[in-house]
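The block underneath contains the structure these notes are about, expressed in C-alpha cells.
Given the structure is predicted, the values throughout are model-derived calculations rather than measurements.
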Amino acid sequence: MKTALVISGGGAKGAFAAGVVKYIYEAYKQDGWFEIIGGTSTGALITPLAALLKEPALAESAFETLIKCYTTVHTKDILNKRCIITLLFKPDALYGTKPLRKIINNNLTPERFAYLQSDDAPYCYVVYADYKTGQAHVVSPRDRVPHPDGSGDRAISLEEFRLAVLASASVPVIMECTKINDHVCYDGGVRELLPLRQAIDKGAEKILPVFLDPKTFGVSESKFKRLDKVLFRTLDILVNETLINDVERAELINNAVDTKDKLKQEFSGDPSVWQKIELILNSYPDLFGGDKRLIEIIKGIRPDHQLTDDPLIFDPEQMTQWLNLGYSKAQSVITSSPF
C-alpha cells in the first residue's frame, strides 16, 4: 500500500501537524513509512523533515528538529518586523523573512538534501504560487530543471529547493516575496492549500491529509481594527474555499478510480468491450489517467476548534499545546498502521 502524507498551510498551527507526525512516528515507524509526503506553506516546512524520518541514520536528528521548530521558536525567530522607514522603500510586505530563511537553510543541510534526492527517500514535494504567471509550482528534490546554457537538464540544486520552501511559506502582503527566476513568488496556499492532487498523480493508494483548521469555518472574535487582522481574516476566507475545492477534487478522483476498477471487473470476461471503455475513460486523464490508484482517504485529522486568528504569532507554550492536540487527534483517528 503506497501511503501519502499531505499537510495543509497554517503558520504556527503547523504544530498540530507536527504532533500528528510525532504520533505516527512513535506508534507505527516499525511498520514502514510514507512513500509520498507533500505540503504547502507551513506544510512545506514540515515535509522534508517528515521525509527524513524514513532513514534511520537521519531520523532522530530530523525528529528533534521538527519538534524543536514547533515548540521553541518565537515570532522574532521567524520574521523581522519592518520599521516605517523600511516600509517606505519596501512597501510590499509588513515583515521580512530573513530569520525564516536562516532556519530553512539550517534544517535543509547538504546531507539531508542528498538523501531526499535519492530513490530510497519518500517522494516529497512543496507548492508555491508564481504571481507573474498565476500558476502553482510543484517542486521536489528529485526534479530535473533546464540547464541555464540550454544544454539539456540537471538536478535541482539545494538552494533552489530551499527557495521553493521559503516561497511556499511566505504569506502575501504579510511577508516579503521570494524571487525565483526573477518572478515574485508566495504561499502555495493561494492556489492549493492542501496539495492532494500531486500525491494522487504519483500513485498514492492511501492518503492521510492533515488539516490545520476545523471542518466548520470558525467565528472570529476580532473587531478587525488592525490591517493585519483584516488581512488574515481575508486569507482565512479565501483559503477555506480553496481547501474545500482541494478535498472535493480528491474525493471525486477517488470515486472515479473506484468506478474504473468496478468496470474493469465487470467486463473482465469481454476484453474488447473493456478496451473500448478504457479508451473513453482515458480521455479524461484528470480523473482516470496516469498512475492513479487511490483507494482510501483517512479523514478526521484536524482540530476540533479554531486554534488561532493570527497564525503568524509563534508562541512556544501555545504551540506545544497544539502539538499535543495533534498527537491526541492522530491517536484517536489512526487506530491501526497506515502502512
Side-chain angles (χ1 to χ4, degrees), residues 1-8 14-40 43-67 69-70 107-109 111-126 138 140-143 161 194-212 250 253-254 257-258 261 290-302 323 326-339:
M1 181 72 72
K2 184 181 284 190
T3 307
L5 173 69
V6 183
I7 305 169
S8 78
F16 181 90
V20 173
V21 174
K22 182 176 187 288
Y23 171 73
I24 298 171
Y25 179 70
E26 292 179 349
Y28 299 114
K29 178 60 172 67
Q30 72 276 5
D31 298 326
W33 198 241
F34 298 98
E35 295 282 339
I36 304 165
I37 303 177
T40 296
L45 299 175
I46 297 172
T47 287
L49 294 173
L52 291 166
L53 299 182
K54 182 181 179 182
E55 170 52 48
L58 300 171
E60 286 306 310
S61 65
F63 182 73
E64 290 174 4
T65 299
L66 174 63
I67 303 305
C69 283
Y70 284 95
N107 291 346
L108 273 172
T109 64
E111 180 188 17
R112 288 175 170 178
F113 183 68
Y115 169 70
L116 295 175
Q117 287 186 303
S118 72
D119 292 337
D120 294 331
Y123 178 85
C124 71
Y125 62 91
V126 301
V138 182
S140 167
R142 296 192 198 173
D143 282 351
F161 186 66
L194 187 68
L196 297 167
R197 176 173 54 86
Q198 291 77 14
I200 295 170
D201 288 344
K202 282 294 179 181
E205 296 165 275
K206 179 185 292 186
I207 294 182
L208 197 159
V210 181
F211 304 83
L212 301 182
I253 292 172
N254 194 17
V257 172
D258 183 54
D261 287 342
D291 295 325
K292 297 179 178 66
R293 298 193 298 271
L294 188 58
I295 297 170
E296 180 184 1
I297 300 175
I298 299 175
K299 298 180 180 180
I301 306 295
R302 64 193 316 159
L323 185 141
Y327 189 98
S328 298
K329 175 59 71 170
Q331 191 174 33
S332 67
V333 173
I334 307 171
T335 56
S336 62
S337 174
F339 312 115

Which is it for Tyr28 and Trp33 under the side chain to side chain contact (heavy atoms under 4.5 Å, CB included) test, yes or no, and what are the steps along the way? CA-CA 8 Å; Tyr28 299 114; Trp33 198 241; over 6 Å; no
Residue pair Lys22, Glu26: steps toward the side chain to side chain contact (heavy atoms under 4.5 Å, CB included) verdict: CA-CA 6 Å; Lys22 182 176 187 288; Glu26 292 179 349; 3.1 Å; yes
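Taking 4.5 Å as the limit, some side-chain heavy atom of Leu108 sits within range of a side-chain heavy atom of Pro48. The shortest distance between side-chain heavy atoms of Leu196 and Pro209 falls below 4.5 Å. Residues Phe34 and Ile24 form a side-chain contact, since some pair of their non-hydrogen atoms from C-beta on lies under 4.5 Å apart. Side-chain contact between Phe63 and Leu53 is present, with heavy atoms from C-beta onward closer than 4.5 Å. Taking the side chain as every heavy atom from C-beta outward, Val210 and Arg302 never approach each other to under 4.5 Å. Contact of the Phe16 side chain with the Val20 side chain is registered, since non-hydrogen atoms from C-beta on lie closer than 4.5 Å. For the pair Cys124/Leu116, a side-chain contact is recorded, criterion being any heavy-atom separation below 4.5 Å from C-beta on.
Between Tyr125 atom OH and Arg142 atom CZ the span is 13.0 Å, to the nearest 0.5 Å. Considering CD1 of Ile297 and CD1 of Ile207, their distance stands at 5.5 Å, rounded to 0.5 Å. Between atom OG1 of residue Thr3 and atom CG of residue Leu208 there is a gap of 8.5 Å, rounded to the nearest 0.5 Å. The CG atom of Leu5 lies 4.5 Å from the CD1 atom of Ile7; values are rounded to the nearest 0.5 Å.
Contact detail for Val6 and Ala199: the closest heavy-atom pair is CG2-CB, 4.0 Å. The heavy-atom pair separating Ala4 from Ala204 by the smallest distance is CB-CB, 3.8 Å. In this structure, Phe113 and Pro141 approach most closely via the heavy-atom pair CE1-CB, 3.6 Å.
Side-chain atoms of Glu205 come within 3.5 Å of backbone atoms of Lys2 as a donor-acceptor pair (strictly under, hydrogens ignored). Although no hydrogens or angles enter the test, the distance criterion places no donor-acceptor pair under 3.5 Å between the side chain of Thr40 and the main chain of Leu194.
Note on residues 52-66: pairs passing side chain to side chain donor-acceptor pair (under 3.5 Å), not counting sequence neighbours, are Tyr25-Glu60, Ser61-Arg112, Thr65-Arg112.
For Tyr115, there are no ring pair (Phe, Tyr, Trp, His ring centres under 6.0 Å) partners two or more places apart in sequence or in a different chain.
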Please tabulate, one pair per line, all N/O donor-acceptor pairs under 3.5 Å involving side-chain atoms of residues 330-339, not counting sequence neighbours.
| from | atom 1 | to | atom 2 | distance (Å) |
| --- | --- | --- | --- | --- |
| Ser332 | OG | Lys329 | O | 2.8 |
| Ser337 | OG | Asp31 | OD2 | 3.2 |
| Ser337 | OG | Phe339 | N | 3.1 |

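The environment of Glu111 atom CD is sparse: at most 12 non-hydrogen atoms of other residues, nucleotides or ligands sit within 6.0 angstrom.
Put simply, the residue from Leu45, Leu52, Ile46, Thr47 that forms a side chain to side chain contact (heavy atoms under 4.5 Å, CB included) with Leu49 is Leu52.
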